[in-house]
**Student:** 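Please see the structure below; I have some questions.
Since this is a predicted model, take the numbers as computed values, not measurements.
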Amino acid sequence: QVQLVESGGGLVQPGGSLRLSCVASGFTFSNYAMSWYRQAPGKERELVATISTLGINTNYADSVKGRFTISRANAKNIVVLQMNSLTREDTAVYYCSAGNWNAYSGTYYAPDYWGQGTKVTVSS
């Protein structure tokens with residue numbers, strides 16, 4: 001069965017850092033672009049970051065650019081979101097996903113697989 005198992009969420013103070021991890025199984029990890037989404041209370045789900053199949057290309061939402069870094073290790077079936085300089089506006093449930101992205105044409109498709117989500121709370 002396809003599984004995306006996330007970890008790393010929790011409570012952090014403004015200005016702090018958090019590292020989210022997602023371990024995938026049940027599909028060919030290296031065939032999929034990986035993304036992190038987030039959904040804050042009362043808001044729609046938004047795309048935070050995407051990384052291409054080999055990790056050559058990345059894309060970030062403007063709101064996190066320069067603060068968040070997405071990376072992957074295909075040999076370990078892991079995708080990571082390193083979050084720095086966190087603000088209260090980053091509070092959300094963060095979801096790992098697997099989908100298709102052609103970075104050269106700009107074509108992005110809705111994810112095929114989703115993780116369960118991990119909650120991040122930024123508060124003093």
**Student:** Is a donor on one side and an acceptor on the other found under 3.5 Å between the side chain of Thr91 and the backbone of Val122?
**Tutor:** yes
**Student:** Report, one line per pair, each donor and acceptor closer than 3.5 Å where one atom sits in a side chain of residues 50-57; sequence neighbours left out.
**Tutor:**
residue: Thr50; atom: OG1; partner: Ser35; partner atom: OG; Å: 2.8
residue: Ser52; atom: OG; partner: Ile56; partner atom: N; Å: 3.2
residue: Ser52; atom: OG; partner: Asn57; partner atom: N; Å: 2.9
residue: Ser52; atom: OG; partner: Asn57; partner atom: O; Å: 3.3
residue: Asn57; atom: ND2; partner: Tyr104; partner atom: OH; Å: 3.4

**Student:** Quick one: side chains of residues 79-86, donor-acceptor pairs under 3.5 Å with protein atoms, not counting sequence neighbours, listed by atom name and distance.
**Tutor:**
residue: Gln82; atom: NE2; partner: Asn84; partner atom: OD1; Å: 3.1
residue: Asn84; atom: OD1; partner: Ser17; partner atom: OG; Å: 2.8

**Student:** Would you please test Arg72 and Phe29 for side-chain contact (heavy atoms from CB on, under 4.5 Å) and show each step?
**Tutor:** CA-CA 10 Å; Arg72 68 190 296 162; Phe29 182 76; 3.3 Å; yes
**Student:** For the atom pair NZ (Lys119) and CD (Gln39), what is the distance rounded to the nearest 0.5 Å?
**Tutor:** 13.5 Å
**Student:** For Thr87 versus Arg67, what's the shortest heavy-atom pair and its separation?
**Tutor:** N-NH1, 4.2 Å
**Student:** Among residues two or more places apart or on two chains, list those pairs meeting ring pair (Phe, Tyr, Trp, His ring centres under 6.0 Å) that have a residue in residues 33-84.
**Tutor:** Tyr37-Trp114
**Student:** Walk me through whether Arg38 and Tyr95 qualify under side-chain contact (heavy atoms from CB on, under 4.5 Å).
**Tutor:** CA-CA 6 Å; Arg38 68 184 181 186; Tyr95 298 92; 6.0 Å; no
**Student:** Is Asn59 reaching over with its side chain to a backbone N or O of Ala49, donor-acceptor style, under 3.5 angstrom?
**Tutor:**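 Such a contact is absent between Asn59 side chain and Ala49 backbone.
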**Student:** Going by the rule side-chain contact (heavy atoms from CB on, under 4.5 Å), which residues pair with Ala73 if we only count those two or more places apart in sequence or in a different chain?
**Tutor:**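 Testing Ala73 for side-chain contact (heavy atoms from CB on, under 4.5 Å), a comparison that skips the adjacent residues, returns Lys76.
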**Student:** Please answer whether the main-chain N or O of Thr121 pairs with a side-chain N or O of Arg88 as donor and acceptor at a distance below 3.5 Å.
**Tutor:** no
**Student:** According to disulfide bond (SG atoms under 2.5 Å apart), does anything in residues 27-96 pair up with another residue at least two apart or in another chain? List the pairs.
**Tutor:** Cys22-Cys96
**Student:** Does Arg45 CZ have over 12 foreign heavy atoms under 6.0 Å away?
**Tutor:** yes
**Student:** For a side-chain contact (heavy atoms from CB on, under 4.5 Å) check, start with the C-alpha distance between Ser7 and Leu20, then their side-chain angles and the critical distance, and finish with the verdict.
**Tutor:** CA-CA 6 Å; Ser7 62; Leu20 306 183; over 6 Å; no
**Student:** Can you list the steps and then say if Tyr32 with Tyr113 is a side-chain contact (heavy atoms from CB on, under 4.5 Å)?
**Tutor:** CA-CA 10 Å; Tyr32 286 83; Tyr113 309 120; 3.7 Å; yes
**Student:** Between Val93 and Met34, is there shared hydrophobic-cluster membership here, with clusters defined by ILVMFWY side-chain heavy atoms closer than 4.5 Å?
**Tutor:**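 Different clusters.
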**Student:** Of all the heavy-atom pairs spanning Ala24 and Leu4, show the shortest one and how long it is.
**Tutor:**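 For Ala24 and Leu4, the tightest heavy-atom pair comes out as CB-CD2, 3.4 Å.
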**Student:** Mind checking what makes side-chain contact (heavy atoms from CB on, under 4.5 Å) contact with Thr28, not counting sequence neighbours?
**Tutor:**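 Once residues adjacent in sequence are excluded, the partners of Thr28 under the side-chain contact (heavy atoms from CB on, under 4.5 Å) criterion are Ser30, Asn31.
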